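If you're wondering where the values come from, they're calculated on a predicted model, not measured in any experiment. Chain identifiers are assigned alphabetically (A, B, ...) following the order of the sequence lines, protein sequences preceding nucleic acid strands; residue numbering begins at 1 within each chain.
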There are 2 protein chains.
Amino acid sequence: MLSSSRQPKGVGWTSPLKSEASWRCEAPMDQIDRTSRLPLYYQLYEILRANITRGEWQPGDMIPPESELIERYRVSRTTVRQVLDMLVNEGLIYRQRGRGTFVAHPTVEQALVRIVSFTEDMRQRGFEPASKVLSSGLIPAPQDIAEKLQIEPGEELARLERLRLADDEPMSIEESYLVHRYCLGVLQGDYASNPLRQALEREYGIRLVRAKQVIRAILATPRLARLLSIPPRSALLFIERVSFSQQNVPVEFLRIYYRADRYSLYNELQG
Amino acid sequence: MLSSSRQPKGVGWTSPLKSEASWRCEAPMDQIDRTSRLPLYYQLYEILRANITRGEWQPGDMIPPESELIERYRVSRTTVRQVLDMLVNEGLIYRQRGRGTFVAHPTVEQALVRIVSFTEDMRQRGFEPASKVLSSGLIPAPQDIAEKLQIEPGEELARLERLRLADDEPMSIEESYLVHRYCLGVLQGDYASNPLRQALEREYGIRLVRAKQVIRAILATPRLARLLSIPPRSALLFIERVSFSQQNVPVEFLRIYYRADRYSLYNELQG
DNA sequence: TAGTGGTCTAGACCACAAA
DNA sequence: TTGTGGTCTAGACCACTAA
């Protein structure tokens, strides 16, 4: 029954975005609409998921047993279990036979599976995050970045370079390159205190839903070393990431230089 | 219906290992045993999965339609779909409504999601892999490794250190630490040419089905630099991994030092 | 039109945890 | 003993693809 955890299927996902942020949130949609063309399981998925992400159900809380969900939403057990399976695969809940189903405690592990903001990432690691804008401006796209963003070289990019701090100590340097055409005027914002992702979503209706990244180890250049307060030629964890919008269009190219003495990545593999 | 893709559940996994290597392989088990205590879906999963990993079904091949699987294995559609969902979540197959279900083409991206042998990894990257054993022997478990393997410090470990080559050029150094109790005599094997994982599975019935790893950047020590043919204090991509058997018991602790000039990791994230 | 996968129902019996 | 999740069945109707 279960759909891939990656992406709900068979739910007209090929249709172009309907006016930014409609059919979601606002009226929190806590009931299933049987006239909707959305599958029941998907509606229920959104409802339960919202209960968790909105914090209504806290980590460790037991969520209503299947029997109650069946009654409350008038769907079959199969449908309820399909939804719970999706949430289990996402790592949002876990089940214990004979005991119940519980909201999972977020783990750091998600860092290598989900797109996580610097702020979120640091909080999960127990640091207090802060940022400082080092430079920003419009530039023509260099060859290599243009390729990764699937645009013409020379097209206008918004470039934002930030120093990221954790507990007031340098953690990383981030260079963002945004296809300016999609977010004209984006550099007006104050990205020392406000997440760039939030601005993209709120101001431009762009949600970064997918990303590809390459992870490398490099040596710190003198400039990076100085900015990060480490000796030159220290080891850095270096990530290059291309992020895609809900339309599956490359929007941002990101370079992150992490201090290797403070930052590592964690993930889980399957056989 | 679907279980987590991570690990089949509700299948007596808490029970201690049954005499190494029973209930698997040997007779390739292409029929469902209704007297078995293993769930039907799990048996069918093993059967279909084997068809793919043994190469009987090739990438791009259409696998039998659900209706045929129902008939052939005498199970309900729900059960068949549960199995297919597991395989979809693993990325081994994909479905196309109205067309059929097909064996997926393996992608390099899997490197950060699936456990991949050095051999496989290098072939995917277009290199010809080779290995050289640098040292091997039995040692008492040091504190830090014992913790990660959830055993007592001092328990006997089989240690194997190998130089890994790609196109005859050093690529990485691997230090394996195996809980010797589970694989007595494992060091007799020739692991310059034979995969350690294969020996574990064939000789000891141990399949490494899950792993947790941490990824770091470090500087090469003089010894590592010499072995890897790079200047001292070069950047290395450093991975520490704990691998778990099908009983969810930690079996192997692994340290890999990759030449950063030759090796990087790739993965995809979701929003 | 025939065959495929996508969604959904209303049951059943079981294993396990906790009281 | 009760309530939970785990497994399984035998249907149904739909949407999509390809002939």
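In this entry the distance linking CD1 of Ile93(B) with P of dT4(C) reads 15 Å, nearest Å. If you measure from atom CG of Asp85(B) to atom P of dG5(C), you get 12 Å, rounded to the nearest angstrom. When the C1' atom of dT7(D) is taken as reference, atom OH of Tyr73(B) falls 20 Å away, rounded to whole Å. Rounded to an integer number of Å, the gap from Arg37(B) CZ to dC16(C) P is 10 Å. Taking atom CD1 of residue Ile70(A) and atom P of nucleotide dG3(D), one finds them 15 Å apart after rounding to whole Å. Between the CD atom of Glu68(A) and the P atom of dG5(D) there is a distance of 10 Å, given to the nearest Å. Residue Leu69(A) contributes atom CG, which lies 17 Å from atom P of dG3(D) at whole-angstrom precision. Going from atom CZ of Arg81(B) over to atom P of dT9(D) covers 15 Å, rounded to whole Å.
Using modelled atom types and a 3.5 Å distance limit, the side chains of Glu147(B) and Gln143(B) yield a donor-acceptor pair.
Surrounding CD of Glu155(A) are more than 12 heavy atoms belonging to other residues, nucleotides or ligands, all under 6.0 Å away.
In this structure, Ser67(B) reaches the dT4(C) phosphate: one of its side-chain N or O atoms is under 4.0 Å from OP1 or OP2. In this structure, Thr79(B) reaches the dT9(D) phosphate: one of its side-chain N or O atoms is under 4.0 Å from OP1 or OP2. Phosphate proximity of dT4(D) to Arg95(A): absent, as no side-chain N or O sits under 4.0 Å from OP1 or OP2. Close to dG5(C), at under 4.0 Å from its OP1 or OP2, lies a side-chain N or O of Thr101(B).
Here dG5(C) is the nucleotide among dG5(D), dT9(D), dG5(C) with the atom lying nearest to any side-chain atom of Glu66(B). Nearest to the side-chain atoms of Val75(A) among the listed nucleotides dG5(D), dC8(D), dT9(C) stands dT9(C). Of all nucleotides listed (dT17(D), dG6(D), dG6(C)), dG6(D) comes nearest to the side chain of Arg97(A). Listed nucleotides: dG6(C), dC8(D), dT4(D). Nearest to the side chain of Leu40(B): dC8(D).
Toward the 5′ end of DNA chain C lies the nearest nucleotide of Ser76(A), the other residue of the pair Gln96(A) and Ser76(A) mapping further downstream.
Proximity of Glu203(B) to Val186(B): side-chain heavy atoms (C-beta onward) are nowhere separated by under 4.5 Å.
Under 4.0 Å is where a charged nitrogen must lie from a carboxylate oxygen, and between Arg81(B) and Asp85(A) no such pair does.
Donor-acceptor pairing under 3.5 Å, judged by distance alone, is present between the side chain of Arg77(A) and the base of dG6(D).
Residues Val103(B) and Gln58(B) come closest through the heavy atom pair CB-O, 3.3 Å.
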